[in-house]
Amino acid sequence: MTYLPYGKTASGPWSVEITPSLAGWTYSGLRIADLTDAPISFDTGEEELLVLPLAGSCTVTIPGDMFVLNGRSSVFDGPSDFAYIPISTHVTLEGSGRIALPSARATRALAPRYVAAAEVSVEIRGAGQATRQVNNFCSPDAFDGCDKLMAVEVLTPDGNWSSYPPHKHDTPNPGEAVLEEIYYFEVADQGIGYQRVYSSERGQIDTLAEVSSGDVVLVPYGYHGPSMAAPGYDLYYLNVLAGPAEQRSMAFCDDPRHAWIRASWDGRPIDPRLPFGRTP
């Protein structure tokens, strides 16, 4: 069960609810809330989480604090404010829009935090038709306020490939972290994209999914990539990652058959359509 179309995991107030037990693993999770007039309240329990507006804005109320998250009209309009909420916390969300809550099972209760959109690091990776934008809002280097959780946003212009060359995070080697990874997709103009996941020495897996807005692909192990934006449709995905290591790391190992591709970008121009939303 690697490909989960929109609606398949809807539950209660969540249009998407991926728990570690549903995914069949230990750490990573994701919920999507479509906020309207009614607030949503819940307890984080053993999970730390982020509150990230995908479209719209919201307030996040926890005991002793409230964060006002000025969001965006869509994921293609630049980064958003976000908040970090620790384990064992009661949360109330109010506002209007589509709100993502990436999460991970954690053991340390860290301090809640608010981060403004202007503080989010925007990176352009690759070149040519492999150019993509990464909003590093909760990568290990950009945000140190999590115990296990990591998350980034990747935006790929129509016709380009990202998550490329294919890579994996499934073997405890020097330079490679063991991670459970979630891809949550949104596609401009009700379009389509494609996601590939395939076998590594860790195990057999074979997914080539046509994805549209609200769809999810789970990566328990194996090489993942490319993520393909179909011509005419810009592609967005939210990556949620967590694993057993004490030190947060997104270290990966390229598929050795395709690792040479990174060197081929040297000296090539980046796609002038990037960045989305604002300059890096």
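Residue indices begin at 1 and follow the sequence shown.
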Lys/Arg cation over aromatic F42: R31, 6.0 Å, 45° cone: yes
Return the [atom1] to [atom2] distance between [X] and [Y], rounded to the nearest 0.5 Å.
X    : Y    : atom1 : atom2 : result
D141 : M250 : CG    : CE    : 9.5 Å
T107 : I87  : OG1   : CD1   : 7.0 Å
L149 : I85  : CG    : CD1   : 12.0 Å

Just by distance, do the side chain of [X] and the backbone of [Y] share a donor-acceptor pair under 3.5 Å?
X    : Y    : result
S200 : Y223 : no
H169 : E180 : no
D255 : P166 : no

How close do [X] and [Y] get, heavy atom to heavy atom, and via which atoms?
X    : Y    : value
G232 : D158 : N-OD2, 2.9 Å
S103 : E47  : OG-OE1, 3.7 Å
N70  : S80  : O-OG, 3.9 Å
S28  : A242 : OG-N, 3.1 Å
T131 : D271 : OG1-N, 3.1 Å
V240 : P102 : CG2-CB, 3.7 Å

Exercise: do [X] and [Y] side chains pair donor with acceptor under 3.5 Å:
X    : Y    : value
Y114 : D65  : no
Q195 : S227 : yes
D43  : H90  : yes

For S213 and E186: C-alpha separation, side-chain torsions, deciding distance, then whether side chain to side chain donor-acceptor pair (under 3.5 Å) applies. CA-CA 4 Å; S213 291; E186 298 210 353; 5.1 Å; no
Looking at Q204, I'd like to know if its CD atom is crowded, meaning that more than 12 non-hydrogen atoms belonging to other residues, nucleotides or ligands lie closer than 6.0 Å. no
Is the number of heavy atoms from other residues, nucleotides or ligands under 6.0 Å of D266 CG greater than 12? yes
Let me see the working for T9 and E17 under side chain to side chain donor-acceptor pair (under 3.5 Å), right down to the final yes or no. CA-CA 5 Å; T9 64; E17 185 179 27; over 6 Å; no
Following the transitive rule for hydrophobic clusters with a side-chain heavy-atom cut-off under 4.5 Å over Ile, Leu, Val, Met, Phe, Trp and Tyr, establish whether [X] and [Y] coincide in one cluster.
X    : Y    : value
V152 : L49  : no
L22  : L238 : yes
I62  : L101 : yes

Could you tell me whether the side chain of F67 reaches within less than 4.5 Å of the side chain of D81, counting heavy atoms only? no
Is the Y183 ring parallel, tilted or perpendicular to the F185 ring (thresholds 30°, 60°)? parallel
By side chain to side chain contact (heavy atoms under 4.5 Å, CB included), which residues pair with F76, not counting sequence neighbours? S74, L155, A188, D234, Y236, F276
Kindly state whether the ring of H167 and the ring of H258 have centres lying under 6.0 angstrom apart. no
